[in-house]
Amino acid sequence: MALIRVEHMDKSFASRHGSISIMRDISFEVKDSDFVAIVGPSGCGKSTLLRLIQGLDHPTAGTIYFQDQKVDAVCPQMAMVFQSFALYPWLTVAQNVAFGLEALGWETARIASQVERYISVTGLDGFQEAYPRELSGGMRQRVGLARALAVEPAVLLMDEPFSALDPLTAESLREEVLQLWRDPQLPPDAVLLVSHNIEEAIQLADRVIVLSRRPGQILAQVEVDLPRPRDRKSPAFYELTDRVYSLITEGGTVFAPRTLPAGGPPPAG
């Protein structure tokens, strides 16, 4: 059974000049143990798609399902990590991590135990009483990650979570997210990542969904069949990066979605 199923979804926004189509006929699935990345040109609806999946917004047409149940409100079994950290500056690290648990109505002792666990898991030991202004960008993103993981989501949604970080910090956090995803004792069951960085998407994901320019449509779903840890300097990695880049830059004409195997030439469009 798919954790997430998106079926023929459209999204439009009203403006004084008429309706603006953001995405059109989007269909895909995210299954247990999947790590899926979404890439595409700026403005194609990548971040909007995550909001729709979590239930923060509603599609104009089509349907989104979580575990075969239609998503028509915010889904508590999914959690989001944002590009901008989205922390409450007046709360300490521990209080920020506890925020979602308090909203779920957990008991105080259970919240304290959960906060302690995920502060430790994300390398925040010793910073429990610090405020966001006292932390580096990397540490603030760890707090956002700890807050998302503390509710033990089935699906972790990540909206360009590393783009505001310096390269070394971003690389370290990418590896930590992979370790968390691969640990059967920790959430999440699946990860859905939005990225503008093609190399990042191929480094992390096992499948990359490539969107066209607005209105965003699926150009291809590219399987990333490369062994981990992935070598960015390998010919196979370079070839796959070039293929996804070519799909985005040459994807002015939308064609039927297809799966491209890593290592072989793409099918004729």
Side-chain angles (χ1 to χ4, degrees), residues 2-12 21-53 59 61-65 155-163 174 178 181 190-228 230-232 234-269:
L3 288 173
I4 296 170
R5 205 166 76 247
V6 180
E7 294 186 349
H8 304 292
M9 190 198 70
D10 297 354
K11 180 61 179 178
S12 299
S21 179
I22 304 298
M23 285 173 288
R24 185 181 299 157
D25 197 26
I26 301 291
S27 296
F28 66 92
E29 292 185 349
V30 177
K31 297 181 179 179
D32 188 24
S33 300
D34 273 355
F35 198 127
V36 179
I38 301 171
V39 300
S42 178
C44 71
K46 300 185 295 295
S47 296
T48 299
L49 181 54
L50 286 193
R51 293 175 56 83
L52 291 166
I53 287 171
T63 312
I64 300 169
Y65 297 94
V155 179
L156 183 64
L157 305 172
M158 307 188 80
D159 187 7
E160 299 190 12
F162 313 114
S163 61
R174 288 186 196 105
L178 278 176
W181 166 66
V191 178
L192 185 57
L193 167 75
V194 159
S195 179
H196 67 275
N197 185 325
I198 295 172
E199 286 194 355
E200 176 179 272
I202 294 172
Q203 179 187 0
L204 294 176
D206 293 317
R207 178 161 46 101
V208 178
I209 296 173
V210 185
L211 297 183
S212 71
R213 67 173 65 100
R214 194 178 72 199
Q217 295 177 260
I218 295 180
L219 293 171
Q221 298 195 42
V222 181
E223 299 292 338
V224 185
D225 188 19
L226 300 177
R228 299 183 187 276
R230 291 175 179 162
D231 180 5
R232 291 191 180 200
S234 71
F237 192 102
Y238 178 82
E239 178 187 352
L240 202 52
T241 302
D242 185 63
R243 191 183 308 169
V244 173
Y245 179 80
S246 296
L247 280 166
I248 294 173
T249 57
E250 299 171 7
T253 301
V254 177
F255 43 89
R258 62 179 187 254
T259 296
L260 305 182

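Note that the coordinates shown come from a computational prediction; the quantities given were computed from them, not determined experimentally.
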Salt bridge (Lys or Arg N to Asp or Glu O under 4.0 Å) between D206 and R228: does it pass, once the steps are laid out? CA-CA 10 Å; D206 293 317; R228 299 183 187 276; 2.8 Å; yes
Is there a side chain to side chain contact (heavy atoms under 4.5 Å, CB included) between I218 and I209 once you walk through the steps? CA-CA 7 Å; I218 295 180; I209 296 173; 4.0 Å; yes
Could you walk me through whether F237 and D231 pass the side chain to side chain contact (heavy atoms under 4.5 Å, CB included) check? CA-CA 7 Å; F237 192 102; D231 180 5; over 6 Å; no
Let me see the working for V39 and L211 under side chain to side chain contact (heavy atoms under 4.5 Å, CB included), right down to the final yes or no. CA-CA 6 Å; V39 300; L211 297 183; over 6 Å; no
Pair R230, V224 - check side chain to side chain contact (heavy atoms under 4.5 Å, CB included), show working. CA-CA 10 Å; R230 291 175 179 162; V224 185; 3.5 Å; yes
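A donor-acceptor pair under 3.5 Å links the side-chain atoms of S27 to the main chain of H8, judged by distance alone. Formation of a donor-acceptor pair under 3.5 Å by the D34 side chain with backbone atoms of K31 is found in this model. Between the side chain of K11 and the backbone N or O of A61 there is no donor-acceptor pair closer than 3.5 Å.
A 4.5 Å side-chain heavy-atom check between V155 and V191 finds every atom pair outside the cut-off. Side-chain atoms of I248 and P41, non-hydrogen and from C-beta on, do get closer than 4.5 Å to each other. Side-chain atoms of L193 and D159, non-hydrogen and from C-beta on, never get closer than 4.5 Å to each other. Contact of the Y65 side chain with the V6 side chain is not registered, since no non-hydrogen atoms from C-beta on lie closer than 4.5 Å. Using a 4.5 Å heavy-atom threshold, the side chains of M9 and L52 count as touching. With a 4.5 Å cut-off on side-chain heavy atoms, K46 and L49 do not count as touching.
Counting all heavy atoms, side chain and backbone alike, S21 lies closest to P215 at OG-CB, 3.4 Å.
Side-chain contact check for Q217 and S212: no donor-acceptor pair (N or O, by modelled atom type) lies under 3.5 Å.
In this structure, T48 OG1 and M23 CE are separated by 5.0 Å, a value rounded to the nearest 0.5 Å. A distance of 5.5 Å separates CD in E160 from OG in S47, rounded to the nearest 0.5 Å. Distance check, rounded to the nearest 0.5 Å: CD1 of I38 to OG of S195 gives 10.5 Å. Within the model, atoms CG of L192 and CZ of F28 stand 5.5 Å from one another, a figure rounded to the nearest 0.5 Å.
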